[in-house]
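A short write-up of the structure that comes next.
Owing to the predicted nature of the structure, the values given are computational and were not obtained by experimental measurement.
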Amino acid sequence: MIRSLREQPFLVVLRPSPLDWSVETFDQAPLLCVINQLVDAGVHHIEIAWTPHRRWGELICWLRDRYPALRLGAASVTRREALEMVIDLGMAYAMSPCFDLSLLRLARRHGQLLVPGVFSPSEVQQAVAFGCELVKLFPAATVGINYLRQLSAPLSPLPCMIAAGGLTAADLDPWLAAGYHALALGRGLIDGEKLDQSLLSWLG
């Protein structure tokens, strides 16, 4: 995963809406319009936020069949049932907004990559002690671009860090230059049904 993020240092996080669940087949879902644009633009990493909806697993299987080259992950994994579904589906990775040792232990037992969310220096230290090589700083916009530098003085060496929460495509260059390994970008990428032009320019 770290190697893949070096090649393209951002992930797109998408949350299915009620309209996506109401369609008979997922090729009719509004979500598909967004994913098609992302794939056509050359995006490599897309996360689908986990939800307890009965069709979530069906959606993941459908997307994986349609986009076999996409590195498809699960976002918002905060519960055991969510992680167990991710494991059963054999997904490439999962991300959590929080640091939960019980989930990390379960993921490790099953060989599943789970990237924990961290916020405080204590959580970063715990993640390092557990052997996490990749973590997600969330919510990154709250602490600001200099937080990584401030952490590095007392806690170095730090794991690779994905900045997530409140960031846009316009933040890619400055945050990557500040030392973050990658950024997670969310709903701010979509303006109506169109992708943010700054992301398209960055990819181009």
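Looking only at distances, a side-chain donor or acceptor of S152 sits under 3.5 Å from a matching main-chain atom of R149. Looking only at distances, no side-chain donor or acceptor of Q112 sits under 3.5 Å from a matching main-chain atom of L106. Under the 3.5 Å distance criterion, the side-chain polar atoms of R79 are left unmatched by any main-chain donor or acceptor of P52. A distance-only check finds no donor-acceptor pair linking the side chain of W62 to the backbone of D27 [under 3.5 Å]. Not a single donor-acceptor pair under 3.5 Å links the side chain of R66 to the backbone N or O of L32. At distances below 3.5 Å, not a single donor-acceptor pair connects side-chain atoms of H181 with backbone N or O atoms of L5. In terms of modelled atom types and a separation under 3.5 Å, the side chain of D171 and the main chain of T168 share a donor-acceptor contact.
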Practice prompt. Apply side chain to side chain contact (heavy atoms under 4.5 Å, CB included) to W56 and I48, showing your working.
Written response: CA-CA 9 Å; W56 190 84; I48 305 298; 3.7 Å; yes
Worksheet item: How far apart are the C-alpha atoms of Y147 and I145, what are their side-chain angles, what is the distance that settles it, and do they pass the side chain to side chain contact (heavy atoms under 4.5 Å, CB included) test?
Response: CA-CA 6 Å; Y147 192 58; I145 194 171; over 6 Å; no
Practice prompt. Please assess H44 against S4 for the test side-chain hydrogen bond (donor to acceptor under 3.5 Å, both in side chains), listing each intermediate value before the final yes or no.
Written response: CA-CA 9 Å; H44 297 169; S4 182; 5.4 Å; no
Worksheet item: Can you list the steps and then say if W21 with L59 is a side chain to side chain contact (heavy atoms under 4.5 Å, CB included)?
Response: CA-CA 9 Å; W21 303 127; L59 172 63; 3.8 Å; yes
Practice prompt. Evaluate the criterion side chain to side chain contact (heavy atoms under 4.5 Å, CB included) for residue pair V124 and F99; output intermediate values, then yes/no.
Written response: CA-CA 9 Å; V124 174; F99 185 83; over 6 Å; no
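Nearest heavy-atom pair across E47 and A75 is OE1-CB, 3.2 Å. Across all non-hydrogen atoms, the minimal contact from L137 to M161 is CB-SD, 3.8 Å. Of all the heavy atoms in P9 and L172, the pair that sits closest is O-CD2, 4.1 Å. Between S198 and A170, the closest heavy-atom pair is OG-N, 4.1 Å. Nearest heavy atom pair, residue A107 against residue L83, reads N-CD2, 3.9 Å. Nearest heavy atom pair, residue S96 against residue K136, reads O-CE, 3.3 Å.
Paired with P116 under the rule side-chain contact (heavy atoms from CB on, under 4.5 Å), one option of C98, C132, P159 passes, and it is C132.
Other residues, nucleotides and ligands place no more than 12 heavy atoms under 6.0 Å from the CD atom of E24. Other residues, nucleotides and ligands contribute more than 12 heavy atoms inside 6.0 Å of the CD atom of Q8. Atom CZ of R54 is surrounded by 12 or fewer heavy atoms from other residues, nucleotides or ligands within 6.0 Å. By the 6.0 Å contact criterion, CD on Q126 is enclosed, its count of non-hydrogen atoms from other residues, nucleotides or ligands being greater than 12.
Between atom CG of residue D20 and atom CZ of residue R15 there is a gap of 13.0 Å, rounded to the nearest 0.5 Å. L114 CG to L134 CG: the interatomic distance, rounded to the nearest 0.5 Å, is 10.5 Å. A distance of 9.5 Å separates CE in M85 from OG1 in T51, rounded to the nearest 0.5 Å. L113 contributes atom CG, which lies 11.5 Å from atom CD1 of I87 (distance to the nearest 0.5 angstrom). Here the OG atom belonging to S201 is positioned 9.0 Å from the CG atom belonging to L203, to the nearest 0.5 angstrom. Between the CD1 atom of I162 and the CE atom of M1 there is a distance of 5.5 Å, given to the nearest 0.5 Å.
Each of L19 and F26 belongs to its own hydrophobic cluster when Ile, Leu, Val, Met, Phe, Trp and Tyr are linked at side-chain heavy-atom distances under 4.5 angstrom. No continuous path of hydrophobic side-chain contacts links L101 to V115 [ILVMFWY only; heavy atoms under 4.5 Å]. Each of L63 and M95 belongs to its own hydrophobic cluster when Ile, Leu, Val, Met, Phe, Trp and Tyr are linked at side-chain heavy-atom distances under 4.5 angstrom. Connection of Y93 to L72 is not established within any shared hydrophobic cluster, with ILVMFWY side chains joined at heavy-atom distances below 4.5 Å, either directly or through further cluster members. Linking ILVMFWY side-chain heavy atoms closer than 4.5 Å, directly or via other members, places F119 and V13 in two distinct hydrophobic clusters.
W175 and Y180 have tilted rings, their planes meeting at an angle from 30° to 60° on a 0 to 90° scale.
Qualifying salt bridge (charged side-chain N to carboxylate O under 4.0 Å, His left out) partners for E58, counting only residues two or more places apart in sequence or in other chains: R55. In terms of the ring pair (Phe, Tyr, Trp, His ring centres under 6.0 Å) criterion, F138 has no residue partners (sequence neighbours excluded).
The closest side-chain heavy-atom distance from L31 to L14 is below 4.5 Å.
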